[in-house]
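Counting from 1, the numbers follow the sequence of the chain as shown. This is a predicted model, so every value here is computed, not measured. For ligands, and for the atoms within them, numbers begin at 1 and follow the listed sequence.
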Amino acid sequence: MQKDYAIQMGSSNLRYGPGVTREVGMDLADMGLKRVLVLTDPYLKELPPVQQVLEALEGEGIRYELFSGVRVEPTDLSVKAAIEVAVEGKYEAFVAVGGGSTIDTAKAANLYATYPDDFFAYINAPIGQGKPVPGPVKPLIAIPTTAGTGSETTGVAIFDLTDRHAKTGIAHRYLKPALALVDPHNTRSMPPVVAAASGLDVLCHALESYTALPFYERPLPARPILRPAYQGHNPISDIWSLKAIELVSQNILRAYRQPEDEQARANMILAASMAGMGFGNAGVHLCHGMSYPVSGMVRDFRPGGFPVPYPIVPHGMSVVLNAPAVFRFTGPACPERHLKAAEIMGADVSGVKDPKAEAGPLLAAQIEQLMQALDMPPGLSAIGFTEADIPALVAGTLPQHRVTKLSPRPASADDLAALFLDAM
Ligand SMILES: NC(=O)c1ccc[n+]([C@@H]2O[C@H](COP(=O)([O-])OP(=O)(O)OC[C@H]3O[C@@H](n4cnc5c(N)ncnc54)[C@H](O)[C@@H]3O)[C@@H](O)[C@H]2O)c1
């Protein structure tokens with residue numbers, strides 16, 4: 001197999017600063033756009049970030065309709081409802097105000113409104129047809145309200161396929177928002193459990209992209225256009241990922257325990273976008289691949305303080321619960337990277353004698369310590385899974401090639417079963 005020899009950095013267009021939300025009306029006016037669809041979820045609808053956006057649009061005479069039917073942890077059905085509204089309204093542009101659930105829903109609505117096709121056409125293969133997005137989509141301005149997914153910087157939209165009880169999505173550079181307005185004020189109202197789960201998502205984005213397979217170990221694509229955005233760790237993504245690990249390690253506990261700490265929250269939302277630029281150009285691997293069936297197979301778990309009335313495993317929680325097991329497993333593949341990450345997180349690595357054996361467990365211990373401090377459940381069994389679920393969890397992970405193939409250590413079905421058992 002011929003291996004790849006090049007990397008491509010897809011830049012994100014991002015404005016960061018306290019108060020930038022109120023600039024959105026001027027941005028749209030300057031882009032010559034007069035009629036937009038604003039998307040959000042039902043719990044955010046009345047909160048300041050959305051209200052500020054609507055005022056900003058009114059101030060500039062931009063006509064808008066508000067769609068607040070985004071489902072937290074979107075599904076194919078909820079995404080289709082948004083697509084229907086987007087298609088009917090023939091909007092010139094889209095504004096997403098919310099967490100990853102809202103931004104991802106807006107990306108899909110924009111795509112299918114711009115290039116209508118069968119719903120499975122653009123969904124990642126092998127679950128969907130994996131058809132590339134035909135061309136640029138309409139402008140989407142993304143305004144994150146969590147310090148989490150980094151979706152404002154990426155060309156990825158994730159949702160649950162209800163029938164299959166597993167998440168999948170669409171990934172293409174053209175889906176990147178035209179502009180991200182990253183405003184630390186917008187996370188002021190974030191409930192602590194959302195701050196913890198979405199913040200741990202940031203950490204896992206950064207750790208997974210930093211420890212992903214190197215880009216030069218991936219197969220060489222036949223044409224440059226076929227080079228995936230998730231191309232493996234590379235010198236450019238490393239810069240973003242390492243800085244994000246540092247910012248999360250220094251700020252997440254303060255942001256969780258003292259939401260009034262403006263500096264900690266500002267650093268967390270910056271870290272989320274930085275990690276987005278890292279993993280958006282490198283990829284994530286097993287923690288995310290294994291999280292998709294975990295959230296898709298939720299039974300009756302309801303995290304305290306989470307704003308939705310239905311059972312849910314918040315995305316960041318579904319990811320981090322696998323993380324200690326995953327990094328114990330991947331440690332031997334690139335021990336120096338695991339050690340460096342553990343050190344940035346606060347581990348003393350000076351006494352390490354056998355990096356291959358010790359690096360994974362050291363990093364895992366740092367993550368476990370942080371999970372405990374952030375009141376995360378101590379494992380998959382604490383959110384209702386048992387050993388009997390392992391075959392289904394493995395079956396839900398195996399098709400997630402886009403991410404699982406980036407593991408620095410290949411994971412067979414048996415390996416995945418052992419990882420889920422460890423994560424219990
Ligand atoms: N596109 C990507 O690159 C990418 C990456 C990672 C995750 N995701 C996806 O993003 C989704 C998770 O997004 P998320 O973690 O940002 O959370 P979310 O959008 O699911 O929101 C979580 C909850 O927090 C509430 N909330 C959000 N911001 C708030 C605020 N400022 N004040 C009060 N309440 C607030 C929401 O109403 C919701 O109830 C998942 O579906 C996941 O798969 C996408």
- prompt: So which of Asp104, Ile158, Val156, Leu175 actually passes side-chain contact (heavy atoms from CB on, under 4.5 Å) with Ile170?
  reply: Leu175
query: To which protein heavy atom is atom 35 (C) of ligand 1 closest, and what is the distance rounded to 0.1 Å?
result: Leu44 CD2, 3.8 Å
- request: Mind listing the closest non-hydrogen atom pair of Ala197 and Met376 along with its distance?
  value: N-CE, 4.0 Å
Nearest neighbour in protein (non-hydrogen) for atom 17 (O) of ligand 1: Thr146 CG2, 3.9 Å
- request: Answer whether the closest heavy-atom distance between the side chains of Phe420 and Phe385 falls below 4.5 Å.
  value: no
- request: With heavy atoms only and a cut-off of under 4.0 Å, state how Phe279 meets ligand 1: side chain, backbone, both or neither.
  value: side chain
N/O separation below 3.5 Å, Asp104 to ligand 1: yes
Options Val194, Leu200, Val319, ranked by nearest heavy atom to atom 24 (O) of ligand 1, top entry: Val194
- request: Classify the angle between the aromatic ring planes of Tyr174 and His172 as parallel (below 30°), tilted (30 to 60°) or perpendicular (above 60°).
  value: parallel
message: Among all protein heavy atoms in this structure, tell me which lies nearest to atom 39 (O) of ligand 1, with the distance rounded to 0.1 Å.
response: Pro307 CG, 3.3 Å
task: Pull out every atom of ligand 1 sitting under 4.0 Å from any heavy atom of Thr154, numbered as shown with elements.
output: 1 (N), 2 (C), 3 (O)
field: Ligand-side contact atoms (ligand 1) for residue partner Ser189, heavy atom cut-off under 4.0 Å
entry: 30 (C), 31 (N), 32 (N), 33 (C)
task: Report yes if Asp41 has an N/O atom closer than 3.5 Å to an N/O atom of ligand 1; otherwise report no.
output: yes
query: Which of the atoms of ligand 1 are close to Gly99, meaning less than 4.0 Å from one of its heavy atoms?
result: 16 (O), 19 (O)
query: What are the atoms of ligand 1, with element, lying closer than 4.0 Å to any heavy atom of Gly100?
result: 10 (O), 11 (C), 13 (O), 14 (P), 16 (O), 19 (O)
message: Could you check whether Lys167 and Ser318, counting side-chain N and O atoms only, form a donor-acceptor pair closer than 3.5 Å?
response: no
- prompt: Salt-bridged, Arg15 to Asp27, with N to O below 4.0 Å?
  reply: yes
- request: For the pair Tyr122 and Tyr112, name the ring-plane relationship: parallel under 30°, tilted 30 to 60°, perpendicular over 60°.
  value: perpendicular
Residue from Asn322, Leu419, Val403 passing side-chain contact (heavy atoms from CB on, under 4.5 Å) with Leu286: Leu419
field: For Asp201, the ligand 1 atoms whose distance to one of its heavy atoms is below 4.0 Å
entry: 6 (C), 7 (C)
Which segment of Phe306 sits under 4.0 Å of ligand 1 when only heavy atoms are counted: side chain
- request: Heavy-atom distances under 4.0 Å are what count here, so tell me which part of Leu47 touches ligand 1: side chain, backbone, both or neither.
  value: side chain
query: Would His338 and Thr330 count as a side chain to side chain donor-acceptor pair (under 3.5 Å) if you check the C-alpha gap in whole Å, the side-chain angles of each, and the deciding distance to 0.1 Å?
result: CA-CA 8 Å; His338 288 68; Thr330 54; 2.8 Å; yes
task: Answer with yes or no whether Pro74 contacts ligand 1, where contact means a heavy atom under 4.0 Å from a ligand atom.
output: yes
statement: If we number the atoms of ligand 1 from 1 as shown, the ones under 4.0 Å from a heavy atom of Tyr43 are 37 (O), 39 (O)
- prompt: Which residue and non-hydrogen atom of the protein lie closest to atom 20 (O) of ligand 1, and at what distance in Å?
  reply: Ser101 OG, 2.6 Å
query: What do we get for His205 next to ligand 1 when only non-hydrogen atoms under 4.0 Å count, side chain, backbone, both or neither?
result: side chain
- prompt: Does a sphere of radius 6.0 Å around CZ in Arg22 hold more than 12 heavy atoms from other residues, nucleotides or ligands, not counting ones at 6.0 Å or beyond?
  reply: no
query: Side chain, backbone, both or neither: which part of Val156 comes within less than 4.0 Å of ligand 1 when only heavy atoms are counted?
result: both
- prompt: Does ligand 1 have any atom that is closer than 4.0 Å to a heavy atom of Pro191?
  reply: yes
- prompt: Should Thr149 be counted as touching ligand 1, given the test is an N or O pair under 3.5 Å?
  reply: no
Ligand 1-proximal atoms of Thr145, by part, heavy-atom distance under 4.0 Å: both
message: As an exercise, identify every atom of ligand 1 less than 4.0 angstrom from a heavy atom of Lys167.
response: 40 (C), 41 (O), 42 (C), 43 (O)
query: Within 45° of the axis and under 6.0 Å from the centre of the six-membered ring of Tyr210, does NZ or CZ of Lys340 qualify?
result: no
- request: Could you label the plane-to-plane angle of the His205 and Phe279 rings as parallel, tilted or perpendicular, counting under 30° as parallel and over 60° as perpendicular?
  value: parallel
query: Do the numbers put Arg302 on top of the ring of Tyr310, so that NZ or CZ is under 6.0 Å from the six-membered ring centre and no more than 45° off the axis?
result: no
statement: Quick note on ligand 1: atoms under 4.0 Å from a heavy atom of Val72 include exactly 20 (O), 22 (C), 38 (C), 39 (O)
message: For Arg63, I'd like to know if atom CZ has over 12 heavy atoms of other residues, nucleotides or ligands within 6.0 Å.
response: no
